[in-house]
Each structure stands twice: as structure tokens, then as C-alpha cells.
Amino acid sequence: AFAAEEEVAVESNCMAVTLFCLDAQHESRAADFFAAMFQLWPDKKYCVVTAPPTVQRAAFLDAFVSIPPRAGSTFAHTLYLLHRD
């Protein structure tokens, strides 16, 4: 017999950008976009962005840290993390 599974409520401290398109002429203002996101969600400490490794890295990602994949991971995108500070 299996023990009943309990549902555990988990509060996330991050937000994710799942689709991000930015015209090249406005790319220099991307920092303003992320600052505004953190103002809208003051309880969030991190922003995560994923991108395929085959595309040219956008300049706004210079503010992010690239997270190395875990051994054995099958996730095909590169994960980037930005702290609100």
C-alpha cells in the first residue's frame, strides 16, 4: 500500500519570461522592461529566461547569469537568471 500524497503549496520567488521579442532598435531599453517587471511583482526576487542555444544571444542577457545544465538534463534551452538587485 502507498501512503497518500499530500499536496504542498509552494510560493515561487521568481517570474519567467516565456516569450520575449524585442526589436533591435529598442534593445538598449530592455533593462527598463525588467525593472518595471520587478516593480509590478515586488514579491519576486528573480526573473528567468530561456533561449535556444542556436540563436544569437540578445544583448539584454548580459545582465543575466547563464545557469549550467544539470548532468543528464534533456532540457534543450539555455537558462538565464536575473536577480532583482
For Asp85, salt bridge (charged side-chain N to carboxylate O under 4.0 Å, His left out) partners two or more places apart: none

Result block: side-chain N/O donor-acceptor pairs under 3.5 angstrom for residues 62-80, not counting sequence neighbours:
{"residue": "Ser73", "atom": "OG", "partner": "Phe75", "partner atom": "N", "Å": "3.2"}

Expected list for residues 30-57: side-chain donor-acceptor pairs under 3.5 angstrom, two or more places apart:
{"residue": "Asp32", "atom": "OD2", "partner": "Arg29", "partner atom": "NE", "Å": "2.5"}
{"residue": "Asp32", "atom": "OD2", "partner": "Arg29", "partner atom": "NH2", "Å": "2.5"}
{"residue": "Lys44", "atom": "NZ", "partner": "Ser12", "partner atom": "O", "Å": "2.9"}
{"residue": "Arg57", "atom": "NH2", "partner": "Leu61", "partner atom": "O", "Å": "2.7"}

